[in-house]
Amino acid sequence: MRWSQTFIPTLKESPSDAEIISHKLLLRAGLVRKLTGGLYTFLPMGLRVLRKIEQIIREELNRAGGIEVLMPALQPPEIWQQSGRYETARDVLFKVKDSAQREWVLGPTHEEVITHLAAAEINSYRQMPKNFYQIQTKFRDEIRPRFGLMRAKEFIMKDAYSFDATDEGAMASYRRMYDAYTRIFARCGLKAFPVEADTGVIGGNYSHEFMVPAETGENDVVYCETSGYAANIEKATSRGPLLALPAASTGSVPEKFPTPGVVTIEALTADPYGVEASRQIKTLVYVADSQVILVLLRGDDQLNESKLMARTGAVQVRPATPEECVSTLGARPGSLGAVSGVPAKVTVLVDEALKGSVGMVTGANEDGFHFRHVEVERDIRVTRWADFRTVRVGELSVSAGQPLKIRRAIEVGHVFKLGTKYSEKMNATFLAEDGQRHPCVMGCYGIGVTRTLQAVIEQCHDDFGISWPVSVAPYQVCITPLSIMPGSLPITTAEKLYAELSAAGIEVLLDDRDERPGVKFKDSELVGFPLRVNLGEKSLAKGEIEIKPRNEPMFSVPIDQAAARVIDWVRQQSATLAG
RNA sequence: CGGGACGUAGCUCAGCCCGGUAGAGCACUUGCUUUGGGAGCAAGACGUCGCAGGUUCAAAUCCUGUCGUCCCGACCA
C-alpha cells in the first residue's frame, strides 16, 4: 500500500477531549475518529490492527476447539425476561422499538441467545463438549463512556460459550480457554496476567480476569509477589488488618456517653474523645434486594460491596437513605450502632476483623450518643460473620504471609464458569448416559477486542508515538524514500524493495508523499510501524540502505541485502511473539 | 443522577470580567525558495462565536433555558 492511496490523518496536537495517552495516540495516529461520545469510526490503520487482533483470537480459539458462529445483535426481550436479566441488567440494556412499537434489545452479551440455541439443538451428551464463539459488536448503555475505546457505548467483543455434560468437562473447557487467552494476549504483544475475579451472584471459584497493568486502568488488582496470588480487589482476601485490636476489656458493660455533633469516624478520633478508628465499629445500613440489613466493620475498614453481594446472594445492594436508617434504627447515620434497638428481623452481618474485639466504641442509635466498652460477641446479636472488608495495601497474603501490593489494571479478558444458571432457566437440558435429563454445564468467556487494541497502545508507546508489536501492526514495514522525484535513486530503490518485500509476504507501506523527511519520520514513528527503511540520496550513493527498527538503533546494510535483512527481522520478531 | 469545567475556523486556543468591524498558531489552497527530523516568505480560502429565548441602539461578551463535551463521584450485566 502507498501512503498517498490510503487515509492516515495524523495530528500534531491531541484533541482536547482525550485524557489518557492511548486515547490521544488513537486520534493523533489517525486510527480512529469520534462520531460522538462512546462511538468511533475505525480508519484504515485502526481497522487493520483490529482485524489482526481478531485473527489471532480466531486462530487460538480454533486451535482450542472453538467453533465460530454469528448471533443477532438485535434480540427479543423475552429471552432476557426468561433469564431474569431483563431486570438485573436493566441499567446497561439498550432498548429500541420498531415501527409497530414492539420492543427489542441490543445485545450487551449473548448468554440468552446461545442458551436458547443450545436448548433447541443440544439433546444428547454425545453432542458435547461444544464451545461456540463469535466476534461481534456489542451495545451497552454506559452512563459515562470514557477513555476512547476503553469504555464505549458500542464495542467489539469476542464472546464464547462452552457447553459440557459434566462439571469435570466444564472445568476442562474452562482450562482450555484460560490457556488460549494466555496465548492470545502474548501473541498480541500484551503483558496480561490472570487474576482471580469476583463471581457475583453466580458464585463458585472459577472466574479469572486477564489484566493489563496500567495506571489508567479502572480495576485494582491485589497481588503477592512471593506466592503469585493475584485477585481483583472485589474478590481479594488477606490475613486481616495490620493494626491489632486491644486485647483487654475496658469495662463490663456498654456505657452510653454524649457525643454531640459527632457523625464521622474521624470526629471520634479527635479530641476530646480520642478513639482510634480501629477501636470503632462502623455500622452501615444497606438495602439488599429491598431487604434492610446491617453491616458492621472496623472503623478503619471499607465495605466491599462485591463481597456483600456475594455473601448475601443479593442481586442489587445500595446504602440505605437517612430516612430508612431512622425508620429502622431510630437514628441518623453517624450515630448508628447494633448494641441496642435493632429490630429482631434485621440481619446483622459482621466482618471477621471484629472477631474477639473488646473495648470498642459504636453509635448508640440515638443522635448525639455513642457506647463505649463494647464487646462485639457479648453485646451484639450477630446473624452472620464473614469477610466484608476491602483489602488494603501491605496486609499479609493468606498463602505466603507476605505484604500484598495493589496496582491499577485494564481488564481485557474474562473467563467464567457459569455452571447451570442459564441452562436451568432456559431449559437447555440433554439426555445423559444414565438416561436422565440434565442441564448443560456452561462457561462464558469474553475478550474486549477494541479495548485490547487500546490496551496495546497504552502499553506500547513512547514520547514519539505508538510502537506496535509486529504481530498487530497495521503494516510491518514502512519504506521511506526521502525523495519521490520520478527516476531518482530513492524512489526507484524504494519501488524495487517494495516489490521484493511484498512478494515475500511482508506487509509494506510505501511513504510516497511529497513531504520533507522530518515529516515522514515523525509520522511513521507516531503511527508506530515496527520497522522503517530510510532511502536517502547520501546513503544510497554509498551503496547502503538504512534500517530503523522502531525500538532499536538504526543500522545500515548493503543495498542488495536490504530485502533479506528486513524479511529476517520481521520473521524473527514474529517468531518471538508467537512463543 | 449529584458536583465541577468547557462549547469561538478541520485541530489547539485567545477574545468574554469592562457589550461597539471575530483573532493567533497548526492544518488547507497557490506561487517562489528549501530538501536527512513536524521548513521560510508571500498571497488566499475557511466562522450563523453550540442552539433557543431575553436585556440593549448594539451581544461571542450580560441574563434565562436547552443541547453537547470533558473531569470527579455514583454505575459497571
Side-chain angles (χ1 to χ4, degrees), chain A residues 9-20 23-24 27-28 30 33-39 75 80 83-94 105-112 138-148 150-153 155 157 159 197-202 207 209 216-219 232 234 305-306 309 315-319 410-411 414 416 418 421-422 444 446 448 451 463-465 480-485 488 490 511 513-527 532 534-542 544-546 548 554 556:
Chain A
T10 58
L11 301 170
K12 273 191 202 174
E13 293 174 292
S14 311
S16 59
D17 55 3
E19 189 70 12
I20 66 176
H23 186 192
K24 290 178 181 171
L27 294 163
R28 286 193 54 210
R33 282 294 182 267
K34 183 169 82 169
L35 172 63
T36 182
L39 298 173
Q75 305 174 11
W80 285 81
S83 73
R85 291 208 294 186
Y86 190 77
E87 284 306 318
T88 57
R90 176 171 10 104
D91 293 343
V92 298
L93 274 187
F94 258 114
V105 165
L106 284 170
T109 177
H110 282 70
E111 279 83 4
E112 282 79 3
K138 307 290 187 194
F139 300 87
R140 199 169 296 191
D141 190 1
E142 288 290 349
I143 316 173
R144 187 180 162 201
R146 66 180 119 177
F147 301 151
M150 285 295 182
R151 175 176 290 240
K153 286 179 185 294
F155 56 98
M157 182 162 138
D159 49 326
D198 177 40
T199 49
V201 291
I202 297 171
S207 176
E209 290 164 340
T216 52
E218 298 189 80
N219 297 270
N232 191 309
E234 296 176 346
E305 287 194 0
S306 299
M309 291 173 78
V315 175
Q316 275 171 333
V317 300
R318 62 168 175 85
I410 299 163
E411 179 193 346
H414 194 170
F416 200 131
L418 282 176
K421 173 180 164 155
Y422 292 92
C444 68
R451 180 183 283 184
D463 291 347
F464 300 104
T480 307
L482 300 189
S483 161
I484 59 154
M485 282 277 290
S488 71
D511 190 350
R513 294 175 299 166
D514 185 13
E515 288 288 356
R516 300 165 61 83
V519 173
K520 293 187 172 192
F521 293 154
K522 291 286 187 197
D523 269 350
S524 76
E525 283 154 8
L526 175 59
V527 181
R532 186 178 66 222
N534 297 341
L535 300 164
E537 295 278 5
K538 289 177 201 162
S539 52
L540 287 171
K542 287 192 287 181
E544 289 180 339
I545 284 179
E546 290 167 358
K548 173 70 178 80
M554 184 164 72
S556 296

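Letters A, B, ... mirror the listed sequences (proteins, then strands); counts begin at 1. Since the model is a prediction, treat every value here as computed from it, not as a measurement.
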Worksheet item: With both distances under 3.5 angstrom, what nucleotide forms a Watson-Crick or G-U wobble pair with B/rA45?
Response: none

Worksheet item: Can you tell me the Watson-Crick or wobble partner of B/rG10, both distances under 3.5 angstrom?
Response: B/rC26

Item to complete: Please measure how far the C1' atom in B/rC32 lies from the corresponding atom in B/rC70, and state the result in whole Å.
Response: 44 Å

Discussion item. Please report the distance separating the C1' of B/rC26 from the corresponding atom of B/rU21, rounded so that it comes out in whole Å.
Written reply: 26 Å

Worksheet item: Between A/Ala18 and A/His23, which heavy-atom pair has the shortest distance, and what is it?
Response: CA-ND1, 3.5 Å

Worksheet item: What is the nucleic acid contact for A/Arg532, judged by heavy atoms within less than 4.0 Å: base, sugar-phosphate only, or nothing?
Response: base

Worksheet item: Between A/Glu515 and A/Lys520, is there a side-chain N and carboxylate O pair less than 4.0 Å apart?
Response: no

Worksheet item: Does the side chain of A/Phe416 reach to within under 4.5 Å of the side chain of A/Thr199, using non-hydrogen atoms?
Response: yes

Worksheet item: B/rC75, B/rG38, B/rU12: which one has an atom nearest the side-chain heavy atoms of A/Pro15?
Response: B/rU12

Worksheet item: Quantified in whole Å, what is the C1' atom distance between nucleotide B/rC46 and nucleotide B/rA9?
Response: 6 Å

Any protein N or O atoms within reach of nucleotides 70-72 of chain B? Criterion: under 3.5 Å, listing atom names and distances.
| from | atom 1 | to | atom 2 | distance (Å) |
| --- | --- | --- | --- | --- |
| B/rC72 | OP2 | A/Arg144 | NH2 | 2.5 |

Response to the item:
Taken to the nearest whole Å, CG/A/Leu11 to C1'/B/rG25 is 15 Å

Discussion item. How long is the straight-line distance from CE of A/Met485 back to CG of A/Asp514, given to the nearest 0.5 Å?
Written reply: 10.0 Å

Worksheet entry | Heavy-atom side-chain proximity of A/Leu93 to A/Pro108 below 4.5 angstrom | yes

Worksheet item: B/rG23 and B/rU61: how far apart are their C1' atoms, nearest whole angstrom?
Response: 15 Å

Fill in: N/O donor-acceptor pair, side chain A/Thr36 with base B/rG68, under 3.5 angstrom
no

Item to complete: Quick one: label A/Glu234 by what it contacts on the DNA or RNA (base, sugar-phosphate, nothing), any heavy atom closer than 4.0 Å.
Response: nothing

Worksheet entry | Base-pairing mate for B/rA39 - Watson-Crick or G-U, with both contacts under 3.5 Å | B/rU33

Practice prompt. Assign A/Glu546 to base, sugar-phosphate, or nothing according to its heavy-atom contacts below 4.0 angstrom with the strands shown.
Written response: base

Fill in: Whole-angstrom distance between B/rC6 and B/rG50, as gauged at atom C1'
12 Å

Worksheet, complete the sentence: Separation of B/rA27 atom P from A/Leu27 atom CG, nearest Å, is 19 Å

Item to complete: Just name whichever nucleotide pairs with B/rC1, Watson-Crick or G-U, keeping both distances under 3.5 Å, else none.
Response: B/rG73

Discussion item. Over all strands shown, is A/Arg318 touching base, sugar-phosphate only, or nothing at heavy-atom distances under 4.0 angstrom?
Written reply: nothing

Worksheet entry | For atom CZ of A/Arg513 and atom C1' of B/rG37, their distance in whole Å | 13 Å

Practice prompt. Please determine, for B/rG20, whether a Watson-Crick or G-U wobble partner exists with both distances under 3.5 Å, and give it or none.
Written response: B/rC57

Item to complete: Report which part of the nucleic acid A/Ser14 touches: base, sugar-phosphate, or nothing (heavy-atom distance under 4.0 Å, all strands).
Response: sugar-phosphate

Worksheet entry | For atom CD1 of A/Ile484 and atom P of B/rG36, their distance in whole Å | 15 Å

Worksheet item: Can you tell me if A/Arg146 uses its side chain to pair, donor with acceptor, with the backbone of A/Ala152 under 3.5 Å?
Response: no

Worksheet item: When we call it a touch if two heavy atoms are under 4.0 Å apart, what does A/Leu93 touch: a base, just sugar-phosphate, or nothing?
Response: nothing

Item to complete: Supply the atom-to-atom distance A/Thr88 OG1 to A/Gln316 CD, rounded to the nearest 0.5 angstrom.
Response: 7.5 Å

Discussion item. One character per nucleotide, please: for nucleotides 39-44 of chain B, 5' to 3', B when the base has a protein heavy atom closer than 4.0 Å, S when only the sugar-phosphate does, - otherwise.
Written reply: B-----

Worksheet item: Residues two or more places apart in sequence or in another chain: which of them pass salt bridge (charged side-chain N to carboxylate O under 4.0 Å, His left out) with A/Arg532?
Response: A/Glu525

Worksheet item: Within a strict 4.5 Å, meaning less than it, do heavy atoms of the A/Arg513 and A/Asp523 side chains meet?
Response: yes

Worksheet item: Closest nucleotide of RNA chain B for A/Asp514 versus for A/Val92: which of these residues is on the 5' side?
Response: A/Asp514

Worksheet item: For A/Glu515 and B/rU34, what is the distance between atoms CD and P respectively, to the nearest whole Å?
Response: 18 Å

Worksheet item: Just how far, in rounded Å, is P of B/rU69 from CG of A/Leu35?
Response: 10 Å

Worksheet item: Given atom NZ of A/Lys548 and atom C1' of B/rG36, what is their separation to the nearest angstrom?
Response: 14 Å

Worksheet item: Taking the P atom of each, how far is B/rG15 from B/rA24, in whole Å?
Response: 15 Å

Practice prompt. Hey, could you give me the NZ/OG1 distance between A/Lys138 and A/Thr109, rounded to the nearest 0.5 Å?
Written response: 5.5 Å

Worksheet item: Looking only at N and O atoms, is any donor in the side chain of A/Glu13 or the base of B/rG25 less than 3.5 Å from an acceptor on the other one?
Response: yes

Practice prompt. Can you tell me, in whole Å, how much space there is between the P of B/rG65 and that of B/rG40?
Written response: 47 Å

Fill in: Expected output: side-chain A/Arg451 to main-chain A/Glu411 donor-acceptor under 3.5 Å
yes

Discussion item. Whole angstroms only, please: what is the NZ-P distance between A/Lys522 and B/rC26?
Written reply: 17 Å

Worksheet item: Expressed as a whole number of Å, how far does the C1' atom of B/rC63 sit from that of B/rC17?
Response: 15 Å

Worksheet entry | Qualifying residue, where the test is side chain to side chain donor-acceptor pair (under 3.5 Å) with A/Trp80 and the options are A/Glu112, A/Glu111, A/Gln75 | A/Gln75

